[in-house]
Each structure stands twice: as structure tokens, then as C-alpha cells.
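Numbers here are sequence positions counted from 1. Computed from heavy atoms alone, side chains included, the values below leave out hydrogens, waters and symmetry copies. Every value quoted in this text rests on a predicted model; they were computed, and no experiment measured them.
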Amino acid sequence: MNIFSKNLKVRNRFLLALLLFFIGIIFFLSGIGETGLIDETPPLFASAGKAMSQSGDWITPKVNGILRFDKPPFYYWLMAIIYSIPGNQSWDQLGSLSARLPSALASLFLFLILGDTILHHHKKSKYKSYLALVGSLGFALSPLVIIWSRTAVSDSLLCGTVGISLLLFWRKFFENKSRNCIFPWIVLSLAILTKGPVAAVIVMLTLAIFLSTQDDRKRLLLKIKPLQGILITFLVSTPWYLIVFLKEGQSFLDSFFGYHNLQRYTSVVNNHAEPWWFFIYIMIIGSLPFSIFLFHGIFETIKEFITGTREDSKYQNSLYLFALCWLFAVLLFFSISATKLPSYWLPATPAAAILIAKSAKILIYRQKNRSIVWFFTTLILLGVSFALLMSNNWLVLINDPEMPNLVNEIIEDGLLLKARIFIFTLTILSAFFTLKFIPKSIVLLQILFLFGQFFIMNPIRNITDNLRQAPLRQISQKIKYLRKSSEPLAMIGIRKPSLHFYSKQIVFYESNSRIGIINLSERFEKDKRNNLIDNPNYDSESFLVVIDRYSFDKEHWKNIKRQELGVYGIYSLIRVDRIELNKYASNFQKKGLKSDWNVEKFERF
């Protein structure tokens, strides 16, 4: 009987893993290479990864001929490995599949481990598979995860490594067998190599808060072997930091620790100032349309902790309390930060998903709570439905200078009609669940929401790519064809790193002001960048310029003598003589204008 029971558990675990794997492959990986890279940050990551692959220098990230210490190298390494696969350009012509795959795989692995962990926590419950499915889908369907798991930046990889590390730590806390605690610390090391000290802070803060809630905290702490673990983490994560410091010295310290860590945390960078409650707002947005379930799960977990109510004497509601501590750690740490971005909340999304599963578990038995939760969920969906119904009134307010035809494309594609039908269907279903008790109702809404992503998000991605990014890819191909004598390339006004990625050339980015002309003239003489692929001829008599239509309307650019080579979307490609550029620069200097550029040792884009 025991053998039969054990075999049944193994089979159930395997079947759930197989189901989640099938869902995850379709949800996270389908179509990730069909559209090009989206400016501004993803092309910078992709350029650094590709440069590593091409140059063989896997230590120092470089973009556009200068150092890039925005993040540690783990994401760059993963991209570089994929870019190095023979024949890469034949099956990844846009370069976006290789760049996005690390983000997608990180989310997929976390998706699987999250489901298995919830299953493990409820191994004695007949609803274990249901709750595991709810928790995994709660993570995958977060709007933040939907966006960043398909974006070529390190945020999803940080979320994946931090999330897997914390889930493995929880399992070590409460497993019966005494084994070495190695894997949680190794994954933490990879998280530190993904985004730096912030990973260690999130994990350690979560563990500290959780252990403070436990009566046997000393025993639990010993189970994760902290001294051994810290040594492992140090040995795995620090060699790159030491090597690159010895190689680049102060530039590395100033860029990575000074600008991208300390300055971002203590002061506002790139105008990303937000109020202290910003991440409470993001927590709501990041769990839609299941935000009410999240708050219900938080409330019930806090109530059980305060009252001492325990559902299981062995686990003591530990996974949900652990998730609550995890959520609070991210909220506390990033709320203190001066610079705030929505992506900073991403490491909290697995914890939010676990708490959504907590709500689903309670609603199986408590019909009164079910009505309240579903009622407010229906109100949220009703509000979204009403907003979409009134879209003709606010859609005209959308004014993106890079996509002037966006509204027309949305209307012509029928995207609004699809969104209205989709959200209205969710609203009706939610209202039905308010009135009719169905024990596993939340997973039905999740499945419908899952399928809706393919009808709504894919057209959005295609429209955005066609309007915003395709012109830059087209102009990059034109540059390769028209460039003569390795003449330098400049981009004026709107700055797009994808021009560097797709043209494979050094690009000088400058403002559309008169000072920008002075800067450009001087930079061609003093800021002579190059890389393995491109070595511009700075003695060339001419240079190429990509300039947006708004910058082209500036008097000094409108009157400058040039050869017009083509128009692509809002961008024009022109050729300008160096003599003409220097003449304008000299005239502006005579009027008292001065250059304001500096030779940058590292990228600050």
C-alpha cells in the first residue's frame, strides 16, 4: 500500500510538471524571436552579449566601442553562448531570439519550480495539484512577468535566480533529510552575477525576516549552513568582480558600484522619482486581474500568524508566511530606494503568486469569503471593460512621437474590439463566480486569461515593432549598403541603441541642439571609438546622419547642406560633409556657445 501510494505521488508530480512544462513552453517561448529588439535598453544588452561572442573577451562588457558596466556579466554570458552557436544568424536573423531567450528560460524554470514547491507544501491535500497550478499561473499571468519575460534585459533573470534560490532555501528549512545546502547558495551566486549586491540583499533580508517569525530559528538557520553557503557564494560570484577590477580599475568602481548601484539607490537617476507608496501601486498592477486574491492571501496569512492558527503542525503555514516575508522584503528595500522603476517589483511576483494560491485554498471552503473576493474582482474587470468601452474618448490622447500612426493602427487591426470582447467575457465569468460557488473557479479564469494573451499581446507586439523598430532596422541595412570609405555614423535627436546593434557600426549619439553640432565636430577629432567589427575612418570627408523628423525641423539642421539618402518612418538618412559640419560648429562657437561633452570611459545610456 505504501509503495502504491508513493508511486501515485511520483506520477502526480510528474504529470503536473509535464502540464506546466507544456504550458510554459507555449507561453514563455512561442514567438519570442518574431519581432526585433525594442529600444532603449534591450539593444544595449544584446550588443554587449554579441560583442563578447565576436571578440572572445568574456570578461569586459562593451557596447558601441566603450565599456558597459550597467550589470554584471551573467546575462551577457548567456546571450553570448547563444550567439556563438554555429549558424545563429540563419535562425535568428533579428538577433532577438538569442537576446530574449535567457529571460524566457529564467521565467520558465521559476514557473516549474514554483508549481513543484506548492505541490510539495500541500502533498497531503487532495487539492495540491490545483493549488500548484493556481500559483504557477498566478506568476506567469502577472502583467510584469508577461512583459519582462520577453524582454532582453536582466530583470527576469534576476527574478528567476532570486526566486529559485529562495524556494530552495524554504525547502531546506522544512525537509526531513539532512543534506548539504549547496544549490540555494549557488543559485544566489548566479543572482549576484546577474544584477549585483541587490540580489544578496533581497535574499538575506527575506531569510532574516522569516527566521525572526520562527520559534526554532536557530535550528532552521543551521539547516541552510550559512558559513558554508556564504563561502560558496563568495567563491562563485566574486572572481569576475575581482578580475574586472584588476583589469579596468577605477572605471569599473565608478560605473558599477558608484553610478549603477549606490547612486541609483541614494539619488534619482534618469528622472525615475516616485512617491514612497509607488510599489504598493505596482503590487496591485502587477497582479491584475487577481489583485484581490493577493490581498486576501496577505490578510489571511497575517491573521493566521497573529492568532497562532496553524493548518499543519509540521509546516506551520510556512510557505505562505515565507512568501509574505519575501514580499515585504522587496517592498521595504525598494520603497527606500530613491530611484524607482516598475521592474524592481519583479522579484516579488513569485511571492505574490504563492499568496494568490493561499487565497484559492481558503476559497475552496469559505463561501462567504469567496463572494467578497469575486465581487471586488468583478468590479475591477468591470472598470477595465468600461474604460475600453469609452476608449474613443481617451485613445486620441495617445501621442507617441516615435509612433505617430499608433492609434490608427490599433483601430484598423481591430485590437480594441478584441480587447473589449476579451475583458467583457472575463467580467461575465467573474460575476457568475460571485453568484455561483465553484470550488476551483479561479483556475478557470486564469486559463481564459492565459489564452487571451495570444489574441491581445501578440498584435500589440507586432504593431509596436512595425511602427517603432522596423524603420530603424531598414535604415541600418541601408547604411551598410550606402556607407563609403568607412565614414562615421551619427544619430541626432531621438537616441536608439538598436541602430548600433543592427548596423553593426559605431554610432555617435548627440542632441539636436546647436551645442550638439559643436560636440559632434569635436568628437570626430577626439573621441575616436572603434571595436572588433567597425573601425570608422575619422579622416573621411563626410559622415552619415540618422535624424528624426522633429530634430530635422531645427533651423540649423534644416539649412545644413546634405545629401538625402532616404526616409524610414520618422527617421531620415543623410550624408553631410565634414567641412559643412565644422563650419556650422565654428560659427556657433563664435557666438559664445561651447561644447559640453566628455570622453566617456563607460556607457551611461
Worked verdict on S30 versus F454 for side-chain contact (heavy atoms from CB on, under 4.5 Å): CA-CA 10 Å; S30 63; F454 299 99; 3.6 Å; yes
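- At least one donor-acceptor pair under 3.5 Å links the side chain of D465 to the backbone N or O of G36.
- Environment of OH in Y281: sparse, with no more than 12 heavy atoms of neighbouring residues, nucleotides or ligands closer than 6.0 Å.
- Around the CG atom of N408, the shell of radius 6.0 Å holds more than 12 heavy atoms that belong to other residues, nucleotides or ligands.
- Among F210, W185, F322, W326, the single residue meeting the ring-ring contact (aromatic ring centres under 6.0 Å, His included) criterion with F169 is W185.
- Considering only heavy atoms from C-beta on, L388 stays 4.5 Å or farther from F424 through its side chain.
- Paired with T35 under the rule side-chain hydrogen bond (donor to acceptor under 3.5 Å, both in side chains), one option of R468, R461, R100 passes, and it is R100.
- Between S343 and W148, the side chains place no donor N or O within less than 3.5 Å of an acceptor N or O (distance only, hydrogens not considered).
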Full working for salt bridge (charged side-chain N to carboxylate O under 4.0 Å, His left out) between R495 and D39: CA-CA 9 Å; R495 305 181 184 193; D39 286 298; over 6 Å; no
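- The distance from atom CG of L321 to atom CD1 of I354, rounded to the nearest 0.5 Å, is 11.5 Å.
- Looking at Q469, its side chain does come within 3.5 Å of a backbone N or O of L37 through a donor-acceptor pair.
- Once rounded to the nearest 0.5 Å, the distance linking CG of L406 with CD of E409 reads 8.0 Å.
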Verdict with supporting geometry, K496 and E402, side-chain contact (heavy atoms from CB on, under 4.5 Å): CA-CA 11 Å; K496 297 298 176 185; E402 297 178 35; 2.6 Å; yes
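- I23 CD1 to L108 CG: the interatomic distance, rounded to the nearest 0.5 Å, is 11.0 Å.
- Relative orientation of the Y130 and Y127 rings is perpendicular, given thresholds of 30° and 60° on the angle between their planes.
- Side chains of F449 and L137 form no contact here, defined as non-hydrogen atoms less than 4.5 Å apart.
- When the shell of 6.0 Å around CZ of F386 is examined, it contains 12 or fewer heavy atoms from other residues, nucleotides or ligands.
- The side-chain heavy atoms of L44 and D70, taken from C-beta on, include no pair separated by under 4.5 Å.
- The shortest heavy-atom contact between L355 and Y320 is CD2-O, 3.7 Å.
- Put simply, CG on L288 and OG1 on T377 are 10.0 Å apart, with the number rounded to the nearest 0.5 Å.
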From CA spacing to verdict: side-chain contact (heavy atoms from CB on, under 4.5 Å), L220, R217: CA-CA 5 Å; L220 293 177; R217 62 183 68 92; 5.6 Å; no
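- In this structure, the side chain of K223 engages the main chain of F173 through a donor-acceptor pair within 3.5 Å.
- The main-chain N or O of F139 is never found under 3.5 Å from a side-chain atom of S142 such that the two would form a donor-acceptor pair.
- L110 has its side chain out of reach of S156: every pair of non-hydrogen atoms, C-beta onward, lies at least 4.5 Å apart.
- Without hydrogens or angle criteria, S107 side chain to S103 main chain gives a donor-acceptor distance under 3.5 Å.
- Side-chain contact check for V153 versus K71: every heavy-atom pair is 4.5 Å or farther apart.
- Side-chain contact between R473 and L94 is present, with heavy atoms from C-beta onward closer than 4.5 Å.
- Nearest approach of P143 to S287, heavy atoms of both residues: CD-N, 4.2 Å.
- Seen from the ring of F278, K340 does not count as a face-on cation partner, given the 6.0 Å and 45° thresholds.
- At least one side-chain heavy atom of I447 sits less than 4.5 Å from a side-chain heavy atom of F451.
- For the pair S136 (side chain) and F111 (backbone), a donor-acceptor distance under 3.5 Å is present.
- Panel note: side chain S430, backbone L426; no donor-acceptor pair is recorded below 3.5 Å.
- The side chain to side chain contact (heavy atoms under 4.5 Å, CB included) test with S391 singles out one residue from V407, L416, I411, I410, and that residue is L416.
- Between S385 and T427, the side chains place a donor N or O and an acceptor N or O closer than 3.5 Å (distance only, hydrogens not considered).
- Nearest approach of A152 to Y75, heavy atoms of both residues: CA-OH, 3.4 Å.
- Q453 places no side-chain N or O within donor-acceptor distance of the main-chain N or O of F27, the cut-off being under 3.5 Å.
- By the 30° and 60° cut-offs, the orientation of the rings of Y344 relative to F279 is parallel.
- Residue W276 places its CH2 atom among 12 or fewer non-hydrogen atoms of other residues, nucleotides or ligands, all under 6.0 Å distant.
- In this structure, L324 CG and L331 CG are separated by 10.5 Å, a value rounded to the nearest 0.5 Å.
- The minimum heavy-atom distance linking D116 with R13 is given by the pair OD1-NE, 2.7 Å.
- Atom OG1 of T301 is separated from atom NE2 of H296 by 9.5 Å, given to the nearest 0.5 angstrom.
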Steps toward side-chain contact (heavy atoms from CB on, under 4.5 Å) verdict (I292, F375): CA-CA 9 Å; I292 303 301; F375 173 74; over 6 Å; no
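- Between P72 and L193, the shortest heavy-atom distance links the atoms CB-O, 3.0 Å.
- Checked against K195 for a side chain to side chain contact (heavy atoms under 4.5 Å, CB included), the options I202, D155, T161, V162 give a single hit: D155.
- In terms of heavy atoms, F28 sits closest to I32 at O-CG2, 3.2 Å.
- In this structure the side chain of N462 never reaches within 4.5 angstrom of the side chain of D413, judged on heavy atoms.
- A donor-acceptor pair is defined here as one N or O able to donate and one able to accept, closer than 3.5 Å; no such pair exists between the side chain of S165 and the backbone of V187.
- Exactly one of W374, F433, F376, F299 qualifies for a ring-ring contact (aromatic ring centres under 6.0 Å, His included) with F293. That residue is W374.
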